[in-house]
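A short worksheet on the structure shown next.
For ligands, and for the atoms within them, numbers begin at 1 and follow the listed sequence.
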Amino acid sequence: MALMPGEFDFIDWISAQHKPSALVRVPQGDDLAVLNWPNEDLLLVGVDQVLDGVHFDSNIHPPRAIGRKVMNRNLSDCAAMACLPAAAVTTAALPRGVGMEYAKELYLGLRDAADPFGCEIVGGDTASWEGKLVLTVTILGRSAGIAPITRSGARPGDAIYVTGPLGGSILGRHMTFEPRIALARQLAATGRVSAMIDLSDGLSRDLGHICRQSEVGAIVDAASIPIHADAITLSRDGESPVDHAMNDGEDHELLLTGEVEGLGLPVIRVGEVTADAEMRLVRDGRVETLQPRGWEHRI
Ligand SMILES: [Mg+2]
């Protein structure tokens, strides 16, 4: 009688995927991984999770796409801080009985996202239970010669930019976005970026994060916000394309402040940082209050 595959079969399989690298002194398979961290680098660390029914739907999305998404969310946070992803550790709470192939596909999705950046998966934990699928990734980033960009450096008079069209990501892009790490590093290297964040919660809410942490306000020109075709498709529900672009979230483009025009970098100016603490939107010649209406988890 064949035994059901278990956690240790999965760990053996993952260990067999590991290739030697300069960063990893002791790979996963021991109690902790041991990394050769470059002395001159700051270590940036963060964690992100995805829950079945909230961030993806396991009835619709294949495991490989789910694995890619959770890794890409973490990589997008690296972009937000202008650091290089170096290593990640991950956990999976697997619904009992999903099977080894499903677990492998989750892992391969993580690798699909991480490998292009040379980011190594150096450890993890797998458990099975009666609940739904939960995946987490903890990311370790390196400053690698560029000072991290925070949310708190915006100053009155700075321009506000985004790096691509926004809105309607729920139609599919929330599973397939590409983290803007290379562009973030190029932008930060100019020395002219004062604050940056990745657009996960939506422009209105993420700009609110920058304004609050920088103790400034903002005025945004609705006509200058780049609208994704998906936002126009979704606007059939009665909400305007601009509102979708400002509030839907999970675009994972960058939102930044500073003065970076004329440098040949693909940024779109959407507004300006102001000294008072208000956020305003200029729409059809009228000024309205810009309410943070993007995604918020209710607790
Ligand atoms: Mg973020």
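Of all protein atoms, those that are N, O or S and lie under 2.8 Å from the Mg ion (ligand 1) total 2.
Looking at H55, K69, R173 one by one, the single match for side chain to side chain donor-acceptor pair (under 3.5 Å) with E250 turns out to be K69. When each of N247, D248, D243 is tested with S204 by the rule side chain to side chain donor-acceptor pair (under 3.5 Å), just one qualifies, namely N247.
The aromatic rings of H252 and F177 lie parallel to each other, their planes meeting at an angle below 30°, with 60° marking the opposite boundary.
The closest side-chain donor-acceptor pair between T91 and T136 falls under 3.5 angstrom. Residues Y161 and E253 bring no donor and acceptor atom of their side chains to less than 3.5 Å of each other.
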Worksheet entry | Trace of the side chain to side chain donor-acceptor pair (under 3.5 Å) decision for S194 with D158 | CA-CA 8 Å; S194 53; D158 287 349; 2.6 Å; yes
